[in-house]
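Worksheet: one structure, shown below.
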Amino acid sequence: MLGKIYTGFGFWDVSAWIAFFFIASFYALWLRSMGRRDYKKGTDQDEIYWSGNPVPEDGADITVPASSAYWGYKKAFTPFYNALVAFHSGITTDYAGWFVFVSAVICALAVIF
Amino acid sequence: MIGNAPFIVVGVLFLMGTVAILSERNLVKISIGVSVIASAINLFLVAMGYRNGGAIPIHYLAGAHAKVVLPIPQCLTLTAIVIALATTALMLALIMMLYKHYGTLDVNEIRRLRG
Amino acid sequence: MNWSQHLPALVVAFPLLGAFATPLFSLGGKFLRNLLFVAVSLVTLIIAFLLWRNVLLHGTILYVMGGESISLTLPSGFAFPVRIMFEIDALSAFMGLTVAIASFAGALFSLQYMNGFSGLHRFVSLYFLLTVGALGMSLTGDMFNFFVFIEIASVASFGLIAFWRDKPEAIEASFKYMLLSQISAMLILIAVGSIYGKYNFLNMAAIADAIQMTTVDKLILALLVSALAMKCGAFPMSMWMPDSYAESPSGVTCLLVTVSQVSLYGLIRVCFTLFGTVAQNSFIPWIFIVLGMMSMFFGVTMAVIQHEIKRLIGYHSISQVGYMLLAFGVGLSALHDPRALADYGFTALKGGLFHMVNYSMYKGLLFLAAGALYYATGTRDLDRMGGLARRMPYTTVLFLIAAAAISGIPPFNGFVSKLLIYESVFTVHPVLSAVALVTSVLTLASFVKIFQTAFLGPEKNQWKSVREAPAGMVLGMMVFGFVIVGFTLFPSWTISNLIEPAAKALVDQAGYIGAVLHP
């Protein structure tokens with residue numbers, strides 16, 4: 001059941017990973033238990049530190065929206081993404097055209113080879 | 001040569017349907033293109049099933065023929081016609097609802113889903 | 001009479017009966033309809049499981065509709081294979097089981113998810129018809145029958161995608177899918193007609209036996225490949241996929257994913273079994289590989305920039321199909337070279353098949369989890385979500401399992417199948433593995449994005465009153481979660497019982513032909 005799977009160039013053994021998971025979680029819990037418990041509850045010590053500013057009430061004010069995630073990546077690949085988004089134009093006949101085009105190419109290859 | 005005439009008609013019809021789908025902007029005309037392709041293929045199936053000199057596969061009507069043709073292409077055609085009918089009806093229903101929602105039948109205007 | 005010999009017919013007939021009994025049962029009220037919905041999908045799952053087990057124990061099963069044998073035998077002794085039949089080898093049974101699991105989970109999920117909408121008896125009928133179409137496609141042994149089932153599945157899915165007909169986008173997505181899928185159905189029909197015109201058979205095994213390597217055969221193969229590649233979502237023909245996956249109700253989406261996998265099954269069945277001798281040493285493996293690479297890369301790069309949760313996951317479907325196309329392309333190129341097959345081809349096939357079932361499971365779970373988020377918050381926009389892990393713990397854990405599996409994080413099952421693919425395709429060219437690895441990295445990136453923006457982060461005031469999805473929906477997700485964890489913990493059992501028989505059936509063309517023509 002838990003045996004190895006050989007891929008021809010290596011193998012996969014899930015039991016080693018389960019053992020690793022237990023060791024890692026043991027280590028993490030041990031590390032956590034080393035933390036100090038004598039902080040003062042209800043004072044500044046268990047407040048979030050937000051660059052010294054008061055933390056906003058609503059979480060919506062301090063979240064990064066999904067559209068802004070990977071901003072640098074998107075910025076770096078702007079020309080690529082402009083082309084790719086333009087390709088997904090939303091026009092049904094364009095999609096049909098691409099389908100007919102690919103079918104025609106495959107048929108042409110079939111005749112040639 | 002005359003034996004190939006049905007296939008030439010099939011090819012012409014198929015191309016007509018394809019061109020209609022690719023170049024027309026009105027959704028109803030596009031659906032007509034789909035129907036034309038479906039008819040072309042039904043014609044293709046029937047023409048493909050023809051065997052020269054074959055008799056119908058009913059024993060007491062076939063006469064003294066040596067060859068009896070299986071009626072499979074006709075069955076295929078009937079099934080394909082029924083399927084084409086159902087999908088055409090559904091397609092026209094969807095076009096009606098698209099017109100209700102978007103107020104147009106122009107395929108270039110119906111593109112809220114993109115990117 | 002042994003009842004188990006009728007399992008192949010029952011597995012298709014039972015949901016079909018369910019589809020047409022639903023309007024009748026709906027007269028008896030909501031409870032009766034829901035009971036029918038779950039009971040029929042559960043029984044279908046049980047039948048599919050028994051069928052799969054029977055195939056493993058006794059080998060390929062033939063089931064001829066309305067006759068004892070497949071041939072029409074004349075008094076003169078002349079036999080001709082004309083009857084419609086189901087031929088179920090390990091691969092078909094494996095696909096049927098996958099479809100039945102997805103159908104059951106989607107049914108459990110839809111009970112609560114669709115609660116409160118009108119016209120639900122039509123929804124349930126169409127849902128069962130979609131299941132019938134997918135099951136029939138995976139079990140049939142007849143080309144024209146395959147076309148009929150593909151059309152049943154397509155027409156049912158048009159209706160289901162457009163089920164929320166008040167939303168303009170749903171109708172638009174349905175229309176787009178419909179136009180493309182009608183063209184592809186026409187191409188399949190031309191191919192089927194040409195096969196009949198040339199060989200006078202429609203039976204897959206008889207065609208596979210008689211096939212020659214002429215230009216006409218290659219054209220038929222090309223038509224079938226392009227039509228079925230469109231149905232399973234290979235890149236330049238895949239633009240309908242995120243649209244229709246995003247707009248359909250989530251319980252349906254998880255079944256649509258599996259239906260696209262059944263189309264992929266049709267593709268490999270055609271290329272490996274039907275045209276095994278023609279597809280060898282020709283351009284077809286390279287078509288697979290090129291389409292697969294393009295799907296992987298462009299699918300995932302489009303996914304990274306999306307901010308609507310179901311559209312993002314829909315773009316991932318394209319990239320995941322790319323993995324399988326790549327694996328099957330490499331397997332197909334090695335098919336008739338016993339040494340290459342033993343070296344890397346068979347591993348690639350195993351990886352591809354394992355990825356197919358893994359993909360159906362975790363992608364189904366992802367869509368269901370996205371549906372649960374939509375149910376709880378009423379939005380699909382990731383920009384507006386945030387901090388939902390506190391309120392929806394079950395959904396969070398299940399989503400995390402699926403996201404880890406799709407990103408290929410060990411020890412999850414997605415990693416095992418991706419490992420099998422990476423370690424076999426690089427023998428053809430290292431670039432193939434490199435593109436697959438880059439795709440995997442970008443997949444992880446986009447799922448980190450979903451998890452971080454939807455589940456983690458500070459709680460937004462807007463979502464303070466959000467509650468966990470109802471029990472039925474969580475149960476539906478748990479079916480998939482259970483399967484994923486099972487595949488994760490027992491990979492060698494899964495490989496040797498589920499994947500390897502299927503991969504052997506895929507390469508064993510002579511066995512498929514012999515089961516019909518030389519019993």
Side-chain angles (χ1 to χ4, degrees), chain B residues 7 10 14 17-18 21-22 27 30-31 33-51 57 68-73 75-77 79-80 82-84 86-103 107 109-115, chain C residues 72 74 80 82 84 143-145 147-148 150-152 154-156 158-159 161-162 165-183 185-198 200-202 239-240 242-244 246-247 302 305-308 311 314:
Chain B
F7 297 104
V10 166
F14 187 83
T18 315
I21 288 174
L22 297 184
L27 290 182
I30 290 174
S31 78
V34 174
S35 298
V36 169
I37 294 186
S39 312
I41 290 165
N42 289 332
L43 184 58
F44 173 71
L45 289 175
V46 172
M48 200 60 120
Y50 179 76
R51 294 288 182 274
V68 176
V69 183
L70 282 176
I72 287 178
C75 306
L76 304 191
T77 317
T79 318
V82 172
I83 290 173
T87 48
T88 309
L90 191 54
M91 191 174 245
L92 290 173
L94 285 179
I95 289 171
M96 266 171 63
M97 303 196 77
L98 278 175
Y99 186 71
K100 243 185 221 167
H101 285 302
Y102 289 80
V107 74
E109 308 267 317
I110 301 172
R111 49 185 298 212
R112 279 192 208 174
L113 297 166
R114 57 178 152 175
Chain C
L72 177 72
L74 295 180
F80 199 72
V82 295
I84 295 174
M143 274 318 280
F144 189 73
N145 206 20
F147 165 78
V148 170
I150 215 172
E151 279 291 45
I152 291 176
S154 304
V155 173
F158 307 148
I161 294 166
R165 59 184 194 280
D166 301 334
K167 293 199 305 180
E169 289 89 356
I171 309 284
E172 186 189 333
S174 180
F175 183 78
K176 284 176 180 170
Y177 180 39
M178 181 169 213
L179 187 63
L180 289 186
S181 119
Q182 278 313 102
I183 301 174
M186 297 304 158
L187 294 186
I188 294 176
L189 196 52
I190 296 177
V192 170
S194 313
I195 289 175
Y196 184 79
K198 182 142 193 243
N200 294 324
F201 301 131
L202 287 170
M239 286 82 85
W240 60 272
D243 297 353
S244 51
E247 298 307 328
M302 275 306 280
I305 60 163
Q306 299 298 316
H307 61 91
E308 199 181 280
R311 250 185 116 68

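Sequence lines set the chain letters: A, B, ... in the order given, protein chains first and strands last, and positions in each chain run from 1.
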If you count heavy-atom pairs under 4.5 Å with chain B, which of [options] comes out on top?
options	result
C:Met186, C:Lys167, C:Glu247	C:Met186
C:Gly193, C:Pro242, C:Gly159, C:Ala185	C:Gly193
C:Glu151, C:Glu172, C:Met178	C:Glu172
C:Ile305, C:Leu202, C:Leu189	C:Leu189

Practice task
Verify the neighbour count for atom CZ of C:Arg165: are there more than 12 heavy atoms of other residues, nucleotides or ligands below 6.0 Å?
Solution key: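 Counting neighbours around CZ of C:Arg165, 12 or fewer heavy atoms of other residues, nucleotides or ligands fall under 6.0 Å, so no.
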Practice task
Take atom OH of B:Tyr102 as the centre, draw a 6.0 Å sphere, and report whether it contains more than 12 heavy atoms from other residues, nucleotides or ligands.
Solution key: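 Yes.
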Between [atom1] on residue [X] and [atom2] on residue [Y], distance to nearest 0.5 Å:
X	Y	atom1	atom2	answer
C:Phe158	B:Met91	CZ	CE	7.5 Å
C:Ile183	B:Ile21	CD1	CD1	4.0 Å
B:Met48	C:Asn200	CE	CG	10.0 Å

Check whether [X] gets within reach of chain C through its side chain, its backbone, both or neither, counting any heavy atom under 4.5 Å.
X	answer
B:Ile41	side chain
B:Leu45	side chain
B:Tyr50	neither

Exercise for the section: Count the heavy-atom pairs under 4.5 Å between each of B:Ile72, B:Ile37, B:Val34 and chain C, then report the option with the highest count. Expected result: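 Most pairs with chain C among the choices: B:Ile72.
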Handout entry: Winner by heavy-atom pair count (cut-off under 4.5 Å) against chain C, out of B:Leu94, B:Thr77, B:Ile95
Key =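 Highest number of heavy-atom pairs under 4.5 Å: B:Leu94.
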Problem - Non-neighbouring partners of B:Thr79 that pass side chain to side chain contact (heavy atoms under 4.5 Å, CB included), sequence neighbours left out - result: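 Here the qualifying residues are B:Ile83, C:Phe144, C:Val148.
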Handout entry: Partner set under side chain to side chain contact (heavy atoms under 4.5 Å, CB included) for C:His307, not counting sequence neighbours
Key =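 Partners of C:His307 under the side chain to side chain contact (heavy atoms under 4.5 Å, CB included) test: A:Ala66, A:Ser67, C:Asp381, C:Asp383.
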Exercise for the section: Provide the closest heavy-atom pair for C:Pro168 versus B:Arg112 in the form atom of the first, atom of the second, distance. Expected result: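 Smallest interatomic distance, heavy atoms only, reads CG-NH1, 3.4 Å.
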Exercise for the section: Work out which heavy atom in C:Tyr196 is nearest to a heavy atom in B:Pro73; give both atom names and the distance. Expected result: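 So the minimum-distance heavy-atom pair works out to CE2-CG, 3.4 Å.
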Under 4.5 Å heavy-atom distance to chain B, tell me which part of [X] shows up: side chain, backbone, both or neither.
X	answer
C:Ser194	both
C:Met302	side chain
C:Glu308	neither
C:Ala162	side chain

Can you confirm whether [X] sits close enough to [Y] that some side-chain heavy atom of one is under 4.5 Å from a side-chain heavy atom of the other?
X	Y	answer
C:Lys176	B:Leu113	yes
B:Phe14	C:Ile190	yes
B:Thr88	C:Gln182	no

Practice task
Check the pair C:Phe175 / B:Leu27 against side-chain contact (heavy atoms from CB on, under 4.5 Å), numbers first and verdict last.
Solution key: CA-CA 10 Å; C:Phe175 183 78; B:Leu27 290 182; 3.5 Å; yes
Handout entry: Backbone N/O of C:Glu169 and side chain of B:His101: donor-acceptor pair under 3.5 Å
Key =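 Checked: no pair found.
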